[in-house]
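In what follows, a structure is listed as structure tokens, so that the remarks can point back to it.
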Amino acid sequence: MAKIIGAVGSSHIPAIGLAIAKKQQQEPYWKGFFDGHIPIWNWLKEKKPDIAVVFYNDHGLEFFLDKKPTFSIGAAEEYISYDEGWGLATIPPIKGDPELSWHICNTLVEDEFDITICQELGVDHGLTVPMQLMFPGDPNYGGIKVIPVIINCELHPMPSPKRCYKLGQSIARAIQSYDQDLDVVIFGTGGLSHQLDGQNAGYINKEFDLMCLDKLVNDPEYLFKFSVRDIIENAGAQGIEFNMWMGMRGALPGKVEQLHFNYTIPISNTAAGTMLLSHE
Amino acid sequence: MAKIIGAVGSSHIPAIGLAIAKKQQQEPYWKGFFDGHIPIWNWLKEKKPDIAVVFYNDHGLEFFLDKKPTFSIGAAEEYISYDEGWGLATIPPIKGDPELSWHICNTLVEDEFDITICQELGVDHGLTVPMQLMFPGDPNYGGIKVIPVIINCELHPMPSPKRCYKLGQSIARAIQSYDQDLDVVIFGTGGLSHQLDGQNAGYINKEFDLMCLDKLVNDPEYLFKFSVRDIIENAGAQGIEFNMWMGMRGALPGKVEQLHFNYTIPISNTAAGTMLLSHE
Amino acid sequence: MSYLDDKTPIPGTILFDGQKSRMGYGLNKMCYSFNDESARNEFKADEDAYCTKYKLSDEQKKAVKDRDLIAMLELGGSIYYMAKFAGILKLNMQDIGALQTGLTLDEFKQKLVDAGK
Amino acid sequence: MSYLDDKTPIPGTILFDGQKSRMGYGLNKMCYSFNDESARNEFKADEDAYCTKYKLSDEQKKAVKDRDLIAMLELGGSIYYMAKFAGILKLNMQDIGALQTGLTLDEFKQKLVDAGK
Ligand SMILES: [Fe+3]
Ligand SMILES: [Fe+3]
């Protein structure tokens, strides 16, 4: 049976991809952030997971407002990185595992998640930056295959943190009932507190982030009390990307241990969190 | 406040649109079917509803397998009828009520329905045939505005009859909390038992249809016991379009009265049901 | 446990699920293109080239060439897209029904009428 | 009761909801097109004609012409699409942040650094 071996929380902001392209990892601005990934790099090299379920949001590359889904699941053979319009280099195609994708989709619909199934899916920095970040310099991404899980963080109404956590739980049930011997890691990407637009641009809330991350590890259901509006009031308009971390945490069953944690302010306009979780 | 005044169940098969185009309504094959709509035409003329929520399925016009949603809600100013490839005439654009659409979308996401919101939506016979059928010869469709609700009936996994009923319930809550004085009718379209593909093409199950329609009126929750597979085994591969009737029925709160019923075998390859329901 | 985990065949019925949708992706994409008149004309002008453009397998090409609807279904065709292919052939749903069941059109129509008795 | 039923303004924040998305549909569609290099070039060659092609209102055209990001937001722009517009102007997210908040770039960067203290 497939097994969930742990989870990684990370940022996906484009500036990280640009810094990688410019090889700035050891410059003062970036050193703390990139070095904060060393324990994760080591863990991934040691554990060699077969599959990464990646919770991310599309930022207007593959989805437009004509048809905007709440939750989408990738079910393609591979995922192509496309030009996003402002100069981020594309990366080599990322392999999928359509068979596992369909198994997850079947479970999700049975569990009353009304997903959009994507047999063709271009991917933006939401997915490409974490892949570059987790597998530095490796165009084959450690041989891992991904299952993209896309949560709407652009257009209101958006799903609640609780709903995203429940989505993760259902995905975990699907994986644990999958009849193949695969090791699966969960990636939650995005956030933490930040706001890109409006007079409140540049807003960051360290205290709220640290509270959320602590609860995420130790008492995730505490966070169910926050509505989307609550998150935005506390963490900024794009702070709602925390929903990806909620999905990731929902997919970690049983008792959880935090193996590594890093938190950097600022990376570009955001507070960037880095987290490695294992579970029994 | 907006008010749900009743519901109509109907077929949406293309042959009906072709018969209307050829003015065959009084030919022997068609007479019973079209005359079976007279009480509905009279009721619509008398009640003059402002809005129709139309549960239907897209048959490969606007959605492809690249991105296939489970539930989609239209939120456009108008819905355009396009060429479907096999000769059905297009019909004049159908007006939407985007403000009510968004109110419904907000409610649905709050109620944990993971909808796809469609601000541009071309519509096929699933919606155009019922519009022609309910407002014969009227290019303005009685001045009604529509809220399209699209349920995946093409690609497995599909939502259960129970989930579709609950979708209808949430839509009803949305309408009843909408702060405008509007009369709303619910259209359920499609079905009943039929199968278009495979060696079992032409399959129809009168007994199962009549049981489902009786339960639909009087004890809809009885039907929750049927999985998608159960429906297909009993009503044929496309008999799952009954899910649209489940959504329609879910949207009728309180005590329901059946004002009219008609059932015709065959219309093209289907068993065609026609139903008018009011509620207290 | 999804209803799709029950693998018992349903006689005469092919569920269009993930496995079929993967297999038939190019075939269905080709048929989806037939919503556009220009695509229908391009297909009619050179069927084989058009099938190649959508990366159909040799088996799928043969099924298209032979108008073998059952084979198309088995190779991943979805009936809603195939209906657009049938439209090009000037076949309606009852014609298709007869072809798939091996009945004459009149026999197929009678089968439908009988279902109402 | 949706979280969107609470109409209390959030200071300095515009929620991109149905009302905004209706208002900004053409503007966002234009910016969405900028994923394609050819579209970016077409815009750069004749901004006004390109705005007309996407049916921007006069107010929206003016906001685009003035590079007035706050006005674009108020007229229904979504930041994720607007980022592609900013890319054409060679502005990154920190440049945009400074422009929207009326700070210099250095002041804006300092504001971010201070948030970490
Ligand atoms: Fe992001
Ligand atoms: Fe249909």
Side-chain angles (χ1 to χ4, degrees), chain A residues 58 62-76 79-80 98 101-122 148-167 170 174 224 227-229 240 243 247, chain B residues 58 62-76 79-80 98 101-122 148-167 170 174 224 227-229 240 243 247:
Chain A
D58 182 85
E62 184 68 1
F63 292 92
F64 181 60
L65 300 165
D66 59 333
K67 312 268 182 325
K68 185 71 182 172
T70 301
F71 295 142
S72 309
I73 314 290
Y79 303 97
I80 312 292
S101 283
W102 282 105
H103 176 75
I104 290 172
C105 290
N106 292 347
T107 303
L108 284 172
V109 172
E110 192 74 27
D111 283 354
E112 303 198 329
F113 290 88
D114 316 309
I115 53 171
T116 292
I117 301 175
C118 303
Q119 289 183 259
E120 282 188 63
L121 184 67
V149 179
I150 304 165
I151 299 178
N152 166 33
C153 290
E154 172 197 346
L155 173 67
H156 294 280
M158 296 172 192
S160 67
K162 179 180 178 183
R163 181 68 175 166
C164 296
Y165 185 89
K166 287 160 72 176
L167 176 75
S170 179
F224 291 0
S227 71
V228 171
R229 186 185 157 99
I240 193 60
N243 266 345
Chain B
D58 181 85
E62 184 68 1
F63 291 92
F64 181 60
L65 299 166
D66 59 333
K67 311 269 183 325
K68 185 71 182 173
T70 301
F71 295 141
S72 309
I73 314 289
Y79 303 98
I80 312 292
S101 283
W102 282 104
H103 176 75
I104 290 172
C105 290
N106 293 348
T107 304
L108 284 173
V109 172
E110 193 75 27
D111 283 355
E112 302 198 330
F113 290 88
D114 317 309
I115 53 171
T116 292
I117 301 176
C118 304
Q119 289 183 259
E120 282 188 63
L121 184 68
V149 179
I150 303 165
I151 299 177
N152 166 33
C153 290
E154 173 197 345
L155 174 66
H156 294 281
M158 297 174 191
S160 67
K162 179 180 178 183
R163 182 67 176 165
C164 296
Y165 185 89
K166 286 159 71 175
L167 175 75
S170 179
F224 291 0
S227 71
V228 171
R229 186 185 156 99
I240 193 59
N243 266 347

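All chains are named by letter (A, B, ...) in the order of the sequence lines, taking the proteins before the strands, and each is independently numbered beginning at 1. Source: prediction; values computed, not measured.
- Interface remark: B:L155 contributes side-chain atoms only to the contact with chain A (heavy atom separation under 4.5 Å).
- Of the residues considered (B:H156, B:K166, B:R163, B:E120), B:R163 shows the highest number of contacts with chain A, using heavy-atom pairs under 4.5 Å.
- For the residue pair B:T70 and A:D114, no side-chain donor N or O sits within less than 3.5 Å of a side-chain acceptor on the partner.
- Of the listed residues (B:I115, B:N152, B:V228, B:L121), the greatest number of heavy-atom pairs within a distance under 4.5 Å of chain A belongs to B:I115.
- Note that CG of A:L167 and CZ of A:F113 are 5.5 Å apart. Values are rounded to the nearest 0.5 Å.
- Contact record, B:P159 with B:I151: CG-CG2, 3.8 Å, taken as the closest heavy-atom pair.
- For the pair A:Q119 and B:L65, the minimum side-chain heavy-atom distance is below 4.5 Å.
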